[in-house]
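Each ligand, and each atom within it, is numbered from 1 in the order the structure gives.
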Amino acid sequence: MSIQTVTSTPFDDQRPGTSGLRKKVTVFSQPHYLENFVQSVFDALDDCAGKTLVLGGDGRFHNRVAVQIILKMAAAHGFSKVMVGQGGILSTPAVSCVIRKHGAFGGIILSASHNPGGPDGDVGIKYNITNGGPAPEQVTEKIYEHTKSISQYAISDAADIDIDQIGERRVEQMVVEVIDPVADYAELMQRLFDFGAIKKLFAGGFTMRFDGMHAVSGPYATAILEGLLGAPAGTVINGVPLEDFGGHHPDPNPVNAAELMALMDGDDAPDLGAASDGDGDRNMIVGRKLPVTPSDSLAILSAHAAVAPGYRAGLKGIARSMPTSRAADHVARELGIECYETPTGWKFFGNLLDAGKATLCGEESYGTGSDHIREKDGVWAVLFWLNLLADSGKSVSELVSDHWARYGRNYYSRHDYEGVASHAATELMDSLRVKLGALAGQDLGLYTVDAADDFSYTDTVDGSVASGQGIRLLMTNGARIVFRLSGTGTEGATLRVYFERYEADPAQHHIPTQQALAGLIAIAEQVAGIIDWTGRPNPTVIT
Ligand code: G1P
Ligand code: ZN
């Protein structure tokens with residue numbers, strides 16, 4: 001065994017975005033491509049000698065190959081130890097948990113989150129820092145700078161090692177500890193939630209379906225729900241991770257989780273339906289005939305947080321991304337705590353959590369989490385709901401309608417236009433930006449624009465500024481339309497349009513969402529000319 005220096009040259013565009021670097025397998029698996037990126041990560045970290053790294057991924061196609069390469073490169077850079085999930089498997093929240101629990105220097109997550117997998121699908125890589133959260137922009141920019149000037153990388157020529165048996169082995173001087181991917185995470189969950197109460201709930205006949213979507217959360221859900229909590233076998237469906245996710249799109253929303261939605265709509269629907277995404281950080285909660293919007297879920301969990309042992313002391317604050325509905329703001333107001341509004345992307349929550357300013361946080365895109373780790377957490381959210389259901393004895397729909405009756409309902413929807421030509425999407429946004437000044441104060445029929453801007457965020461902890469985070473039309477009655485371009489797609493551009501309208505009157509809480517938002521939807525078209533720019537008469541996905 002020895003360490004080799006391999007000559008290499010930069011690849012086009014290895015800039016890690018909000019959620020790391022995501023590319024098609026065909027791009028990612030080119031010779032030296034992954035190696036270039038990993039070398040750039042290690043270069044950006046300066047000194048890796050003697051440090052511990054956590055490594056794992058969502059099990060998609062190319063995961064195993066990438067794990068072996070990264071192990072050999074970590075050994076060449078002097079890491080003293082890499083903790084790798086058995087079979088190369090670790091969910092994103094589990095990586096965050098393991099980094100924090102074992103005081104590791106950082107971690108590498110192999111995942112393209114909810115993007116499809118398989119030889120024609122996507123693959124991705126992301127570096128998480130010592131607090132367990134995604135690398136902040138200063139770090140990702142530093143990585144990117146290195147990718148532009150790279151000329152060589154260092155790698156051990158050792159043979160592949162066994163990552164399927166738990167235990168310790170070595171690559172060069174470096175210890176590779178193959179760990180149970182679930183154990184540390186399950187231990188943390190048992191400290192946060194009342195497992196006794198949830199166990200009783202299941203023992204009393206409570207029924208649930210958790211759709212693992214053949215992605216990484218399956219093993220976690222199976223071990224915790226069916227193992228520790230005694231839910232009947234079959235509670236977890238599609239629970240075995242597959243390299244192509246069984247051909248499904250592992251993104252939990254009512255469109256992709258159609259099978260689960262049909263079940264929850266039927267006459268023998270279980271009490272609770274839930275799903276997670278490719279890397280296990282997203283969650284969808286569904287009651288009988290009632291999908292809970294992620295924005296409402298954050299608000300409901302915030303209002304009842306004290307039912308869970310881990311949150312009994314109360315919340316320090318709540319944080320939500322800007323396009324997420326303001327349902328949680330109402331709860332924060334009543335609790336007398338701050339509700340922070342951050343740009344889209346989990347990394348913006350990290351500083352607030354580290355500074356002890358926020359306890360719970362969430363995004364409209366099926367992401368919910370807390371200060372227990374520094375990533376959003378799918379199985380955690382499901383356990384929180386189970387704890388709440390066990391404690392209250394109410395059904396999901398009772399909890400939701402009680403919540404609306406007390407705080408009012410924030411009607412909410414997101415319209416996605418996927419795979420739009422990049423230049424058309426950029427021009428649509430540019431043309432909106434030009435109109436912002438003229439829009440303020442305009443009477444648009446049902447709504448009058450109070451203010452129109454491009455969201456800019458100043459981090460209250462480190463003072464950093466993130467601008468251009470989404471165009472907002474704020475109406476005088478508190479309704480909103482937000483336009484932004486996705487930063488995570490891998491094909492063309494995705495335009496996301498978000499709609500929100502507040503309704504205090506419980507007699508008006510039964511209106512179908514798209515109908516309740518129809519006025520705003522028409523205004524978005526009138527103002528932005530979406531059909532003309534995108535050539536799409538309708539959104540590709542409505543959530
Ligand atoms: C999407 C979601 C965003 C989330 C991110 C990573 O990003 O909208 O809330 O943080 O995935 O899971 P987008 O594609 O909108 O940039
Ligand atoms: Zn994800």
Nearest heavy atom to atom 11 (O) of ligand 1: which of Arg282, Arg414, Arg22, Glu375 does it belong to?
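The option holding the nearest heavy atom is Arg282.
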Which option out of Arg496, Glu363, Lys376 puts a heavy atom nearest to atom 12 (O) of ligand 1?
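Ranked by closest heavy atom to atom 12 (O) of ligand 1, first place is Lys376.
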Which of the atoms of ligand 1 are close to Thr344, meaning less than 4.0 Å from one of its heavy atoms?
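Within the 4.0 Å cut-off of Thr344, ligand 1 contributes 3 (C), 8 (O), 9 (O).
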Show me which atoms of ligand 1 lie under 4.0 Å from any heavy atom of Ser365.
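This gives 2 (C), 3 (C), 4 (C), 8 (O), 9 (O) as the contact atoms.
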Test side chain to side chain contact (heavy atoms under 4.5 Å, CB included) on His330 and His403 and set out the steps.
CA-CA 11 Å; His330 302 294; His403 188 89; over 6 Å; no
Is a salt bridge present between Glu341 and Arg480, judged by a nitrogen-to-oxygen distance below 4.0 Å?
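Looking at Glu341 and Arg480, the cut-off is met.
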Salt-bridged, Arg484 to Glu364, with N to O below 4.0 Å?
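Glu364 and Arg484: not salt-bridged.
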I want to check something: taking the side chain as every heavy atom from C-beta on, are Leu301 and Tyr311 in contact at a cut-off of under 4.5 Å?
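Sidechains of Tyr311 and Leu301: no contact.
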In a check of side-chain contact (heavy atoms from CB on, under 4.5 Å) between Thr324 and each of Arg320, Arg326, Met322, which one passes?
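So, applying the side-chain contact (heavy atoms from CB on, under 4.5 Å) to Thr324 and each of Arg320, Arg326, Met322, only Arg320 qualifies.
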2.8 Å shell around the Zn ion (ligand 2), exclusive bound, protein N/O/S atoms
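Of the protein's nitrogen, oxygen and sulfur atoms, 4 lie under 2.8 Å from the Zn ion (ligand 2).
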What part of Ser486, side chain, backbone, both or neither, has a heavy atom within less than 4.0 angstrom of ligand 1?
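Both parts.
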Report all side-chain donor-acceptor pairs from residues 419-426 shorter than 3.5 Å, counting only partners two or more places apart or in another chain.
residue: Thr426; atom: OG1; partner: Ser422; partner atom: O; Å: 2.8

Would Gly345 count as a contact of ligand 1 if the rule is a heavy atom under 4.0 Å away?
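Gly345: in contact with ligand 1 (<4.0 Å).
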Quick one: does Gly487 get an N or O within less than 3.5 Å of an N or O on ligand 1?
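Such a contact does occur with ligand 1.
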Looking only at distances, please establish whether an N/O atom of ligand 1 is found under 3.5 Å from an N/O atom of Tyr498.
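Between Tyr498 and ligand 1, no N or O pair is found under 3.5 Å apart.
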Pairing donors with acceptors under 3.5 angstrom, does anything connect the side chains of Thr368 and Asn283?
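Result is yes, a qualifying pair exists.
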Only pairs under 3.5 Å count here: list side-chain donor-acceptor contacts from residues 243-252, not counting sequence neighbours, and write none if there are none.
residue: Asp244; atom: OD1; partner: Gly246; partner atom: N; Å: 2.9
residue: His249; atom: NE2; partner: His114; partner atom: O; Å: 3.1
residue: Asp251; atom: OD1; partner: Arg282; partner atom: NH1; Å: 3.1

Who are the side chain to side chain contact (heavy atoms under 4.5 Å, CB included) partners of Trp533, not counting sequence neighbours?
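Per chain and number, Trp533 pairs via side chain to side chain contact (heavy atoms under 4.5 Å, CB included) with Glu427, Leu428, Ser431.
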Begin with the C-alpha distance, continue with both residues' side-chain angles, and end with the deciding distance and a verdict on side chain to side chain contact (heavy atoms under 4.5 Å, CB included) for Phe384 and Ser297.
CA-CA 10 Å; Phe384 211 146; Ser297 177; over 6 Å; no
